[in-house]
Amino acid sequence: MNYRAVCFDFDYTLGDSTDCIVAGFQHAMTRMGWPAPDRETVRGTIGFLLEDSYTMLTGDADPARRAQFRPLFQSVANPLQRTQCKLFPGTVDLLEGLHGQGVQMAIVSTKSSDTLEAILDYHGLRELLGLVIGGDRVARPKPDPEGLLLALDRLGVNREELLFCGDTVMDAGAAKNAGVAFAAVLNGTTPAEAFEEWPHVHISPDLWDLKRWLGV
């Protein structure tokens, strides 16, 4: 184990909130006069800032309409995610293995911090992942490095001592911009070949492989 700290994205890295997120998108978009998107269409936007996902699906870039989308989405999706988000196989074993070796861990995600903390509480993981940096705790979302730079400061480690694990090229871009190592996890919709043009130390098909690669 060559890192003193490991940061994780959440959606499609450690957890799967797809059904909850789809319900939120369908509620918000139909309330705003759009057709309800199907599950696979929504899956392709998970990990982006909510407002950007709305624009991706509708082509509507009006700032007021983008702002209207978030609370409508959250009114349905957030309560569901607190208890219905599923962890990917290997999540608990990976986190417990890292914790057992004294590795500090954090979440750096675009998901709201209170929802992330509620999910971690529900699954009994708050003691393992004490630092949560959600999208509401930064001014600029990934691939901007702000979240990872904040994690470096809060965890008290140097760039070369931190590994960031995520499932999208936005995560890879954030790691590159922060000057930290990146490992891709293929739990989401981004294929392995999409990461080849980005600096990375490993590409894991699942969290069991990531655990083996880290040696924990």
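When reading the values below, keep in mind they use all heavy atoms of this one structure, side chains included, and skip hydrogens, waters and symmetry mates.
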Side-chain H-bond candidate by donor/acceptor type, [X] with [Y], under 3.5 Å:
| X | Y | answer |
| --- | --- | --- |
| Tyr12 | Thr18 | yes |
| Arg66 | Thr55 | yes |
| Ser113 | Asp136 | yes |

(message) With a 4.0 Å cut-off on N to O distance, would you call Arg43 and Asp19 a salt bridge?
(response) no
(message) Taking the basic N atoms (NZ, or NE/NH1/NH2) and the acidic carboxylate oxygens, is any pair closer than 4.0 Å for Lys211 and Asp93?
(response) no
(message) Would you say CZ of Arg126 has more than 12 non-hydrogen atoms from neighbouring residues, nucleotides or ligands within 6.0 angstrom?
(response) yes
At their closest point, which heavy atom of [X] faces which heavy atom of [Y], and how far apart are they?
| X | Y | result |
| --- | --- | --- |
| Ala178 | Leu148 | CB-CB, 3.9 Å |
| Cys85 | His123 | O-NE2, 2.9 Å |
| Phe88 | Gly15 | CE1-O, 3.3 Å |

(request) Mind checking ring pair (Phe, Tyr, Trp, His ring centres under 6.0 Å) for Phe164 and listing every partner two or more places apart, or none if nothing turns up? (result) none
(message) Tell me every residue that passes salt bridge (Lys or Arg N to Asp or Glu O under 4.0 Å) with Arg65, counting only those two or more places apart in sequence or in another chain.
(response) Asp60
(request) Give the intermediate values and the outcome of side chain to side chain contact (heavy atoms under 4.5 Å, CB included) for residues Leu131 and Ile107. (result) CA-CA 6 Å; Leu131 176 60; Ile107 297 287; over 6 Å; no
(request) Tell me, please, which residues at least two apart from Ala192 pass side-chain contact (heavy atoms from CB on, under 4.5 Å). (result) Leu186, Ile203
(message) Can you tell me which residue among Val103, Leu214, Asn2 is in a side-chain contact (heavy atoms from CB on, under 4.5 Å) with Leu163?
(response) Leu214
(message) side-chain hydrogen bond (donor to acceptor under 3.5 Å, both in side chains) for Asp167 and Thr13? Distances and angles first, verdict last.
(response) CA-CA 6 Å; Asp167 69 289; Thr13 299; 3.2 Å; yes
(message) Please report whether the ring centroid of Phe73 lies less than 6.0 Å from that of Tyr54.
(response) no
